[in-house]
Amino acid sequence: MQTSHRTSRPTPRTLLRAGVVLLLGLGLGLAGASSSQAGAKPSITKEPFGSVGGKAVDRYTLTNGKFRVRILTYGGIIQTVETPDRHGKLANVTLGFKNLDGYVTSKNPAYFGALIGRYGNRIAKGKFTLDGTTYQLAINNDPNSLHGGNVGFDKRVWSATPVTGGGAVGLRLTYVSPNGEENYPGTLRTTVTYTITGDRGIRIDYHATTDKATVVNLTNHAYWNLGGEGTGTIDDHKLQLKASRYTPVDATLIPTGKLDPVAGTPMDFRKPTAIGARNRSAFQQIVYGRGYDHNWVLDRRGSGLAVAARVSDPASGRTLTIRTTEPGIQFYGGNFLDGTLYGTGGNSYRQGDGLALETQHFPDSPNHANFPTTVLRPGQVLRSTTIYQFGTD
Ligand code: GLA
């Protein structure tokens, strides 16, 4: 089982991964700068986006060629992603809200675009034991704990520093979660760097350290609709997952602990398959999830970046390829969207209007010794990278 993303080397805080040659850090002081030639040179601009609990929130716009991404310091939320279709027409392909109030007032129950921590996905009954101590987390997804508890990383205001270099532009976000926050042990220092590459990629580098043994599972919860947010369902999108196995769940979406083969089931996405072809199946797992809401075990060797998923929209021609260093990916088909949330463009989001592909360690890992570990100890460094690469067919 892979544990190699947690390494015990000393803790240099920058330029950590081989391959991260993006010269992060050279762009200090760029906040507020803007490029008059968006589309020519990578640029990053900053604007005030309101406040929450007395804390100012900023919105950064990162542009590189015909690709533009907006990120909020609230929750590290990816608010919009504009990318061209096969004819060069731009659309915003991620679900979100128009303004900060949309996220704060609704509490963003679907976690649109947000960074998730300390523990992405579910922990059974919100309980785990580490080094002989049992911790009880908030039960916010009855009877389990979901996505870090009542006030997870998705609802925190992060400190932001723009970074540039190597033809890319990025934003480094930092959040220090105090010992005991949401009942998790240890002071957890987390840095997440979003880098927008010239070829329409969003690279996310996660980095975390702790001063006491704890459990961590970081991800981003962006939803995608490659036809454009608010334009309908993703039933016609084709999905391919590089996974021969998945972690079956019980009725509360907690893994049973088994790694089952996908072969011969509606969970088999080894070949590109339309999502709508099987998401109404009577297969027990699909019934439990009201559709797809499961973790796939990625077929991979070693701990480097490997392709996990590819999504394509035959109508627009847009594609999304996801590479990650993580061992698993949660494919969630937007099953709980019920028409009550109104998105960035003003339309309501209904069931299946977007899909999330959350690169991660497996759900409830702290309670399954056979899953790759999510334990992080003092002196270890959590490093994880995921790249969302957009293109067209
Ligand atoms: C995750 C879960 C889903 C749902 C969404 C948020 O993807 O697996 O069951 O809770 O978050 O709506």
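Small disclaimer: the values here were computed from a predicted structure and weren't measured. Each ligand, and each atom within it, is numbered from 1 in the order the structure gives. Any value given below was found using the heavy atoms of this structure, including those in side chains, with hydrogens, waters and symmetry copies removed.
Shortest non-hydrogen contact noted between T385 and L305 is O-CD2, 3.7 Å.
Side-chain polar atoms of Y288 and D293 form no donor-acceptor pair below 3.5 angstrom.
The side-chain tip of R323 does not point at the ring of Y388 from less than 6.0 angstrom away and within 45° of straight on.
Near ligand 1, residues P109, A110, Y111, R122, L146, H147, H221, Y223, D293, Q330, Y332, F336, E358 come within 4.0 angstrom through at least one heavy atom.
T133 pairs by the side-chain hydrogen bond (donor to acceptor under 3.5 Å, both in side chains) definition with nothing, not counting sequence neighbours. Residues passing the side-chain hydrogen bond (donor to acceptor under 3.5 Å, both in side chains) test with T94, sequence neighbours excluded: none. Contacts of F112 classified as ring-ring contact (aromatic ring centres under 6.0 Å, His included), with partners at least two apart in sequence or in another chain: F97, Y223, Y349.
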